[in-house]
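Let me begin by presenting the structure, written as structure tokens, before commenting on it.
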Amino acid sequence: MKWDSIETFFLDMDGTILDLAFDNYFWHDHIPRLYSKKNKISFNKAKIEFEEKYKKKRNTIEWYSLKFWSNELNINLDNELVKTKNRIKIFPGVYNFLNKLKSHKINIVLITNCPREMLNVKFTQAKLWGYFNIIISSEDFGYPKEADEFWKLLEKKFFFDKNKTIFIDDNVNVLECASKYGINHIFGICCPDSSKKKQIIEEYLTLDNVSQFEEKFID
């Protein structure tokens, strides 16, 4: 693959350019602790109860929504996000990678399931403002990236050549949806969370970190 064969780069955020360790901590540790305290139950019981609620919303727009879970749990999660923002980390090499894309005049598009309020906090904390030509949250469309409707609405929003577009994401369900939609050049991230073992992705070309893209896939 040559740099000049690429017009558009679709990049996921959490697990692709930002370490998913923060989200896993926030949703699976911090929130259950808040739930435990609020309901005066043990952490283990709170975690089980919250995880059951959480799993029921998987692959829906509500699963990612701070507003939905704030209302559901009666806890102000916007405040909790600000309290924990110092845990948000960008992966090594991301800035250099984004600057490389800019140097080749590639259209850099963030497409994320992260809701806007959370996205704004993460971008500010990680100093990512100014790197992307377009920023799209699935919240804008009302459908997560795992839904066919998301990709149809994305195409209506702006034109891009599917054959000259790269998409990188750590979520296999999202990659499958993008592939079904017709994006040919799809890559999976094997190390979305620095605190966990590699995930195995067999269906797509993979890389541990976006900074490896040029070395592995550009001739």
Side-chain angles (χ1 to χ4, degrees), residues 3 6-27 30 61 63-70 76-145 150-151 153-160 164-171 174 178 183 187 189 191-195 207-214 218:
W3 278 121
I6 304 168
E7 288 183 355
T8 303
F9 231 103
F10 286 153
L11 282 171
D12 171 49
M13 183 170 68
D14 301 309
T16 298
I17 59 175
L18 296 183
D19 194 333
L20 196 61
F22 169 76
D23 293 84
N24 284 330
Y25 163 77
F26 186 79
W27 292 102
H30 189 70
I61 201 70
W63 198 66
Y64 302 95
S65 173
L66 281 183
K67 187 179 294 184
F68 173 82
W69 290 110
S70 290
N76 189 330
L77 295 182
D78 290 334
N79 286 347
E80 297 303 322
L81 173 63
V82 172
K83 288 179 186 176
T84 57
K85 68 179 182 178
N86 288 337
R87 287 176 171 265
I88 297 166
K89 304 295 180 189
I90 192 165
F91 281 125
V94 169
Y95 298 124
N96 288 339
F97 171 69
L98 293 173
N99 282 324
K100 174 67 73 171
L101 297 185
K102 287 177 80 117
S103 73
H104 287 281
K105 305 293 189 292
I106 292 169
N107 193 29
I108 312 171
V109 182
L110 185 85
I111 54 173
T112 177
N113 279 325
C114 184
R116 284 280 175 182
E117 269 188 72
M118 198 174 200
L119 185 157
N120 291 342
V121 171
K122 289 179 175 181
F123 257 52
T124 299
Q125 185 67 19
K127 297 179 172 60
L128 281 167
W129 296 111
Y131 284 100
F132 292 86
N133 300 97
I134 300 172
I135 297 171
I136 293 171
S137 165
S138 59
E139 184 179 62
D140 303 340
F141 297 160
Y143 296 97
K145 293 186 296 180
F150 173 89
W151 296 92
L153 289 166
L154 179 66
E155 188 172 34
K156 285 181 180 179
K157 187 171 181 68
F158 71 98
F159 172 80
F160 57 94
K164 295 182 178 181
T165 296
I166 303 290
F167 179 45
I168 302 181
D169 201 297
D170 65 293
N171 186 321
V174 173
I183 296 176
F187 302 86
I189 294 288
C191 300
D193 182 333
S194 64
S195 68
L207 55 169
D208 291 345
N209 182 296
V210 291
S211 65
Q212 298 175 337
F213 183 81
E214 181 173 31
I218 296 295

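Note that these values count all heavy atoms, side chains included, but never hydrogens, waters or copies made by symmetry.
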Just wondering, do T112 and M118 contact through their side chains at under 4.5 Å, heavy atoms? no
Between R87 and D19, does any side-chain N to carboxylate O distance fall below 4.0 Å? no
Report yes if some heavy atom in the side chain of L119 is under 4.5 Å from a heavy atom in the side chain of L110; otherwise report no. yes
Can you list the steps and then say if F97 with N209 is a side chain to side chain contact (heavy atoms under 4.5 Å, CB included)? CA-CA 10 Å; F97 171 69; N209 182 296; over 6 Å; no
Start with the C-alpha gap between V109 and L11, add the side-chain angles, then the distance that decides, and say whether side chain to side chain contact (heavy atoms under 4.5 Å, CB included) holds. CA-CA 6 Å; V109 182; L11 282 171; over 6 Å; no
What is the distance from atom NZ of K67 to atom CD of E139, rounded to the nearest 0.5 Å? 6.5 Å
OH/Y95 to NZ/K127 distance, rounded to the nearest 0.5 angstrom? 6.5 Å
For the backbone of C114 and the side chain of S137, can you confirm whether one donor and one acceptor N or O come within less than 3.5 Å of each other? yes
Minimum-distance pair of heavy atoms, taken over all atoms of N99 and Y131: OD1-CE2, 3.5 Å
Would you give the length of the straight line joining atom OG1 of T165 to atom CG of N107, rounded to the nearest 0.5 angstrom? 8.5 Å
Take S103 and K100, measure what side chain to side chain contact (heavy atoms under 4.5 Å, CB included) needs, and give me the verdict at the end. CA-CA 5 Å; S103 73; K100 174 67 73 171; 4.0 Å; yes
Residues K145 and V174: closest non-hydrogen pair is CB-CG1, 3.7 Å
Can you tell me how far CG of N171 sits from CG of D14, rounded to the nearest 0.5 angstrom? 11.0 Å
With a 4.5 Å cut-off on side-chain heavy atoms, are L81 and L66 touching? yes
Of all the heavy-atom pairs spanning A21 and S195, show the shortest one and how long it is. CB-OG, 4.2 Å
With a 3.5 Å distance limit and no angle check, can you tell me whether W69 reaches the backbone of Y64 through a side-chain donor-acceptor pair? no
Heavy atoms, side chains only, cut-off 4.5 Å: are L128 and L98 in contact? yes
Under 4.0 Å between a side-chain nitrogen and a carboxylate oxygen: does that hold for K157 and D140? no
Is there a side-chain contact between F141 and I136, using heavy atoms and a 4.5 Å cut-off? yes
Evaluate the ring planes of F213 and F187, with Trp represented by its six-membered ring, and classify them as parallel (under 30°), tilted (30 to 60°) or perpendicular (over 60°). perpendicular
Just by modelled atom types, is the I88 backbone N or O under 3.5 Å from a matching donor or acceptor in the K122 side chain? no
Quick one, Q125 and N86 - any side-chain contact, counting heavy atoms below 4.5 Å? yes
Atom CE of M13 and atom CD1 of I90: how far apart are they, to the nearest 0.5 Å? 10.5 Å
Do you know which two heavy atoms are closest between P115 and S65, and how far apart they sit? CG-CA, 4.4 Å
Where do F91 and L20 come nearest, in terms of heavy atoms and distance? CZ-N, 4.4 Å
Taken to the nearest 0.5 Å, the spacing of L154 CG from S138 OG works out to 11.0 Å
Any D169 side-chain heavy atom under 4.5 Å of I189 side chain: no
CA sep, side-chain torsions, deciding dist, call: F167, F160, ring-ring contact (aromatic ring centres under 6.0 Å, His included): CA-CA 12 Å; F167 179 45; F160 57 94; over 10 Å; no
Please identify each residue that fulfils ring pair (Phe, Tyr, Trp, His ring centres under 6.0 Å) with F123, with sequence neighbours left out. W129, F132
Ring-plane angle category for H104 and W3, please: parallel below 30°, perpendicular beyond 60°, tilted otherwise. parallel
Yes or no on side chain to side chain contact (heavy atoms under 4.5 Å, CB included) for K85 and F22, after CA distance, side-chain angles and deciding distance? CA-CA 9 Å; K85 68 179 182 178; F22 169 76; 5.9 Å; no
